[in-house]
Structures are given as structure tokens and as C-alpha cells.
Amino acid sequence: MQEMDAAQLAPQLTEDDPQLQAILEAIVYITDEPLTAQQIAAAIEQPIDKVKRLLDQLVADYGKPEHGLSIREVAGGYKMATKAEHHEAVRAFVKKLTPPMKLSLPALETLAVIAYKQPVTTPEIMEIRGVQGAGVLKTLLDRKLIAEAGRKDVVGRPLTYKTTKEFLVQFGLKDLKELPTLKEFEELGRLELVEESQPETVSENPPAENA
Amino acid sequence: MQEMDAAQLAPQLTEDDPQLQAILEAIVYITDEPLTAQQIAAAIEQPIDKVKRLLDQLVADYGKPEHGLSIREVAGGYKMATKAEHHEAVRAFVKKLTPPMKLSLPALETLAVIAYKQPVTTPEIMEIRGVQGAGVLKTLLDRKLIAEAGRKDVVGRPLTYKTTKEFLVQFGLKDLKELPTLKEFEELGRLELVEESQPETVSENPPAENA
Amino acid sequence: MSSPLNFHLEQYDGPLDLLLDLIRKQEINIYDIPIARITQQYLEYMQKAAEMDIELSAEFVYMAATLIHIKSRMLLPRDPELDKLLPEEDPRQELVDRLLEHERFKSAAEMLQQKRVVEEAVWSNPQIAQFRAEDDDPGLAVTLFDLVKTFQSVMDRAKHRPVYEIGTEEVSVPDMIRYLRGVFEQERGPVSARELFERQRSRRAMICLFLALLELVKLQAVGLTQQDSFGEIGLKRLKGFEAAFAGGETLSAIEQGYN
């Protein structure tokens with residue numbers, strides 16, 4: 001059916017594609033939050049397939065090295081930004097912009113635990129990190145990198161936490177699935193270890209990975 | 001002198017032209033004030049002629065109809081913007097974007113008081129917030145975040161308010177018992193004081209400008 | 001024994017970090033930790049930290065106890081017959097699991113760090129503001145956390161406000177004068193008299209409020225306004241407001257009058 005529609009509309013489509021692509025470019029340029037192809041398609045009342053195709057075309061076009069801008073898929077949506085490789089030249093012009101926010105290592109570790117184990121409670125986070133105190137949670141909440149995710153059905157009904165869309169945006173992730181699995185980290189660690197001594201009995205079952 | 005420099009660097013220059021063009025594109029994109037070719041050339045330490053030529057190239061490239069953006073010379077400088085012919089489409093698009101739930105601070109304060117103190121009367125809300133006026137109640141009622149909850153059995157029999165099911169949905173709560181307690185919140189703050197002595201919060205402003 | 005760590009006394013975020021550092025720096029096979037050696041080095045670190053007045057948290061002590069416990073279990077001879085029946089887990093197993101788990105998250109944190117570095121080199125310049133109508137107020141995007149935080153700040157503000165507990169049977173006219181003073185110190189515009197009365201939780205409070213208002217009107221500290229007949233009665237502070245409360249004499253005079 002799709003094909004038939006496409007065939008019926010073909011001449012018209014072909015004709016207004018550059019026009020539509022121009023509109024999509026303008027839209028991606030002005031929006032502050034990454035918008036999904038669905039959102040854009042619904043708002044401009046165009047078939048999702050076509051919108052998606054043209055957006056991907058834009059992503060590819062801006063990917064070329066002669067462009068200093070890029071359109072990337074972040075947090076499930078499309079977003080325009082400068083390319084990282086030109087940061088030095090661009091930085092000279094953006095001094096007035098807010099300084100990037102720094103996160104301490106404890107904050108990053110806590111964020112990593114939440115990203116992989118969500119929804120996760122404070123005691124669980126402390127257990128993995130091996131330290132008491134979850135002070136960085138407030139920082140992460142303030143920055144909107146994490147949010148509350150209901151209560152866990154155990155004694156005390158502790159609050160759980162999850163990462164937010166802002167987290168995806170700030171870390172340039174398309175979605176959570178884009179995060180490497182924890183297992184991959186383990187393998188990296190093992191490769192680093194010069195394989196002179198074979199792991200002994202203990203290593204039979206590496207701890208289950210619960211990403 | 002400029003020419004001599006250019007001549008000396010000529011072969012190298014030709015090679016890195018696309019690279020430089022990319023940088024210029026990024027710069028024109030990121031700056032809000034129109035920058036002159038001179039300003040840009042000086043900042044990135046490149047010959048003005050070359051910068052001018054590449055900027056004009058950019059103006060021509062973006063002038064093509066498949067682009068929804070344009071780089072124009074405004075007030076002696078270069079500035080990126082959406083093309084005028086797409087303004088209607090862009091404006092319509094912005095209007096249609098379903099805005100995320102946004103509340104003003106007075107509305108949020110009132111909602112917070114109702115959430116924690118329900119059922120609660122208008123005078124009580126004003127008492128707790130320490131301000132006169134309860135205009136935001138209407139906003140909250142309109143958004144179906146709160147509802148009337150009968151009259152209180154005191155002098156004047158004032159109306160009381162409570163939060164709604166929609167409130168739970170919007171804040172991702174299963175029921176009201178899932179609301180974090182103030183004690184839990186205070187603990188977050190307290191833990192933070194213990195753990196976080198580094199200057200973690202670098203910027204007050206949300207890092208909106210950073211992608 | 002010389003220590004593998006140059007004890008500039010690195011600050012470790014917790015005992016797991018310290019242990020991992022000991023293991024990785026000495027290229028020890030994590031699946032076969034020489035527990036006696038590691039325990040000794042661990043205790044050495046704690047010792048040095050104590051000497052340098054670095055306060056280690058309770059977890060460090062707890063981990064020391066765990067290490068010593070594992071060490072003693074490793075030293076105990078095992079009954080070969082019992083082993084066949086009930087093969088005992090390596091006493092180090094649980095610790096190894098925790099260390100590996102912790103290390104994975106450290107790697108994940110590093111990965112996030114790297115991603116941030118890239119994002120910090122990238123800027124965007126959204127122009128949506130130019131297309132938004134002036135009347136739609138962007139307001140605040142709201143999360144549950146914002147809600148709690150807001151409530152907390154409202155409560156804090158309430159705590160620091162000079163508000164008098166009203167509604168108790170003890171309330172008196174001078175109490176109400178003080179209360180009204182607080183209201184009008186914050187509010188310069190007209191305050192609805194009806195709303196003020198509605199706030200009172202007892203008949204006595206309402207009577208006291210009424211008398212207090214009369215006193216203030218008499219002192220020309222507060223004036224009554226009414227837009228149209230039978231309309232809302234508004235209360236507004238007058239020029240005499242400051243003078244009425246200056247020195248505190250007026251108040252104490254009224255206080256005496258009612259006591």
C-alpha cells in the first residue's frame with residue numbers, strides 16, 4: 001500500500017522533496033530539544049517515512065567533512081550542533097556561553113550505576129560503589145540527569161532512580177541501548193590483564209551482568 | 001603583505017580549504033551577532049581574502065533552494081538564519097509542538113503545597129506560601145492537576161483542594177504514597193554536605209548551550 | 001616490605017577503589033588474589049592514613065575486617081572428605097565479584113566521562129525563541145524532584161517568616177496586631193479583608209482580628225477601601241504604618257489595654 005501511495009504521489013513528492021528537506025533543515029536548526037521524526041512528521045503533516053528519509057539525508061549531507069555543523073540523532077531525536085573536531089576554533093567565539101558543567105568522579109560513577117541498573121535504590125548504589133553516602137544524587141537530580149522512578153516494593157519502600165532524556169542529550173547518546181554492555185567493560189579489563197596466568201576456579205562464572 | 005603570506009602558504013591553503021570552510025560554517029552558526037570577515041579572520045588567524053572568499057562560497061551554497069537556512073550579510077557581518085520563505089512553516093511547526101508540561105514557579109509552589117497538605121483550603125495555601133492571591137489555582141484546575149475536595153468544616157466552610165489522577169500520571173507516581181517525603185529529601189541534602197566538598201556545581205545556569 | 005603504592009596517600013573514594021588500585025598496580029590476577037599480601041598492604045595504607053591524620057570512613061575498617069576474615073579462612077585446613085561432599089566456595093569469591101562489579105562501573109564512568117568530553121566540544125544555537133509567540137510563557141519544565149524541592153523551599157520560607165501561630169485558643173488582640181504587622185510588611189497593595197478572616201480557624205481569632213484591625217485603623221496604620229458598595233473590603237497600609245510601630249510604645253499600650 002505504501003508503494004502504491006508512493007507511486008501515486010511520486011511526481012508530486014519528487015517535486016516538493018527539496019522544499020520539504022529545506023523545511024526540515026530549518027526545523028532542526030531552530031529546535032532546542034531533539035525532536036523525533038514522528039513529532040516532526042505529525043506537526044508538519046507529512047508521512048513519517050518521507051520525513052525520516054529526508055532527515056537521514058540531512059544527517060548524511062551534514063556528515064561530509066566540508067560541513068562544520070552536524071545533525072545527529074540524540075535522545076531519540078535530531079539535533080543540530082557544531083562538530084566536535086572544530087571545538088578550538090569555535091570556542092574562541094563562544095566564551096560568553098555557559099561553561100560546560102563538570103561532574104566529579106563520584107558523580108559520574110553514581111550516574112553510571114544508575115544508567116546500567118535503573119531503576120535502582122540508594123542502598124543498591126552504595127553497595128556497588130562500596131561507599132556510604134549518596135550525596136551526589138542531589139547534584140544529579142539538580143542537573144536533571146536523573147529522576148525519581150517510583151518506589152521499590154521491598155521493606156522501607158525506598159525511592160528508585162533512573163536516567164533522564166537530558167542524560168542522553170548531555171552524553172550524546174541516541175538511546176540507552178547505545179551504552180556499551182557491562183560485559184564489554186569486563187572483557188576490556190581482561191584484555192588488559194596480560195594473559196600469563198589463566199584465571200583459576202574462581203572465574204568460572206563471571207558475575208552476571210544486569211544491564 | 002597579506003598577499004605575500006597567501007602566496008607562501010598557497011599549496012597548503014588549497015588543501016585545507018574544506019576544513020576552513022567547515023570552521024567558518026560552525027562559527028557563523030554559533031554566533032548571534034553578525035561577525036565581519038575581518039573579525040573572523042583575525043580570530044582564527046587566517047588571511048582575510050581567503051576567509052572572505054570562503055564565506056561568500058557559504059552564502060552561495062546555502063542560497064540553493066534545497067537549504068532551509070541561509071547565511072546572509074547583515075550589518076556588514078555574516079549571520080545564519082532560516083529562510084524567509086519557510087517562516088510560515090516553521091512558525092506553524094513551533095505552534096504545534098506539544099509543549100512539555102510547564103508550570104510557573106507560583107503554580108509549582110501551590111501544587112507542591114496541595115500535594116503534601118491535601119485536602120487543603122485556599123487560605124491555608126496562602127498561609128504556607130506566605131503570599132496573597134491564589135490565581136494559579138485556576139491554572140492548576142484547568143490543567144486537571146488538582147480538583148475540588150469538598151468543604152472544610154470550619155468557619156466560612158472554605159473549599160478544599162486535592163491532587164488528581166492526572167497529577168500522578170504527570171509526575172510518574174503510582175499513588176500519593178510514592179511522593180518523596182521531606183525527610184528523604186533532607187537526607188539527600190545532608191549527605192551531599194558530607195560527601196561533596198569539591199566545587200561540583202560549576203555553572204548556575206542550565207548548560208543549554210552545550211549540546 | 002616496600003609498598004607498591006607511593007604513599008602520597010592518594011584519596012580513595014572507598015575501600016574497593018583502594019583494593020583495585022593495589023591489585024592493578026601490581027598486576028595481580030584478580031581471580032587469584034594473594035590475600036595475605038594484599039591484606040598487609042591494605043592495613044599499611046590505613047596505618048599511613050592514620051599517621052597523616054586522614055580520616056578514613058567506616059567502610060575502610062569494615063573491609064579490613066573482611067580481608068582478615070578471608071585470610072583466616074584461607075589458612076584453615078580443609079577436610080578433604082568434607083570437600084568432596086560439600087565443596088566450599090573460594091573464600092575470596094564474594095570479594096572478587098564485588099571488585100569486578102565495581103571495576104566495571106568505574107570503566108562505565110570513564111566511558112561517560114569521555115562522552116562528556118565530546119559533548120563539551122559541541123555547541124548548538126537553537127533559535128526557537130524567535131518563533132515563539134510572546135504570550136506563551138516558557139515557564140519551568142517540572143519533575144517530581146522539582147516538586148519536592150519547591151515544597152521544601154516553601155516550608156523553609158514559612159519557617160523563617162514572622163508568622164504567629166494562630167488558631168489556638170490563646171490568640172489575643174496584640175497577637176493579631178503583630179500578625180497584621182507581618183502581613184502588611186510584606187504586602188503593600190490592598191489585602192482582601194475576607195481572605196484574612198477566612199484564614200482564621202476560630203471564632204475567637206476572628207474577633208481578635210476584627211478588634212486588631214480597628215486598633216490599626218484608629219492608629220492610621222491601615223486604611224479600609226471599598227471599590228463599590230457591598231463590594232470587597234480591602235485593607236491597605238497607610239503612611240502612618242511605620243510610625244505606629246516605631247518604638248514599640250503603641251503596641252505595649254494596646255497590650256496593656258487588653259490584658
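Throughout, a chain's letter reflects where its sequence line sits, starting with A, and its residues are numbered from 1.
Looking at heavy atoms from C-beta onward, B:Leu69 lies in side-chain contact with A:Met80 at the 4.5 angstrom threshold. The shortest distance between side-chain heavy atoms of B:Leu35 and A:Phe93 falls below 4.5 Å. Put simply, the side chain of A:Arg151 does not reach to within 4.5 Å of the side chain of B:Lys177, judged on heavy atoms.
At a 4.5 Å heavy-atom cutoff, the contact between A:Leu141 and chain B is made by side-chain atoms alone. With a 4.5 Å cut-off on non-hydrogen atoms, A:Ser70 does not touch chain B at all. Residue contact with chain A, scored on non-hydrogen atoms closer than 4.5 Å, involves the backbone of B:Pro65 exclusively. With a threshold of 4.5 angstrom between heavy atoms, B:Ala92 does not approach chain A through any atom at all. Contact of A:Glu85 with chain B is not made at all, since no heavy-atom distance falls under 4.5 Å. Neither the backbone nor the side chain of B:Lys83 comes within contact range of chain A, judged by heavy atoms closer than 4.5 Å. Only the backbone of B:Leu179 comes within less than 4.5 Å of a heavy atom in chain A; its side chain stays farther off.
Interatomic distance, CD of A:Glu148 versus CD of B:Glu184, reported as 8.5 Å (0.5 Å rounding). Note: A:Arg91 CZ to B:Ile30 CD1 = 11.5 Å, rounded to the nearest 0.5 Å. Within the model, atoms CD of B:Glu66 and CG of A:Asp17 stand 12.0 Å from one another, a figure rounded to the nearest 0.5 Å.
Within a 6.0 Å sphere centred on NZ of B:Lys79, heavy atoms belonging to other residues, nucleotides or ligands number more than 12. More than 12 heavy-atom neighbours from other residues, nucleotides or ligands sit within 6.0 angstrom of NZ on A:Lys165.
Residues A:Ala89 and B:Ile23 share a closest heavy-atom pair of CB-CG2, 3.4 Å.
Between A:His67 and B:Tyr62, the ring planes are perpendicular. Angles over 60° get that label, and only those under 30° would be called parallel.
Looking at B:Glu25, its side chain does come within 3.5 Å of a backbone N or O of A:Gly68 through a donor-acceptor pair.
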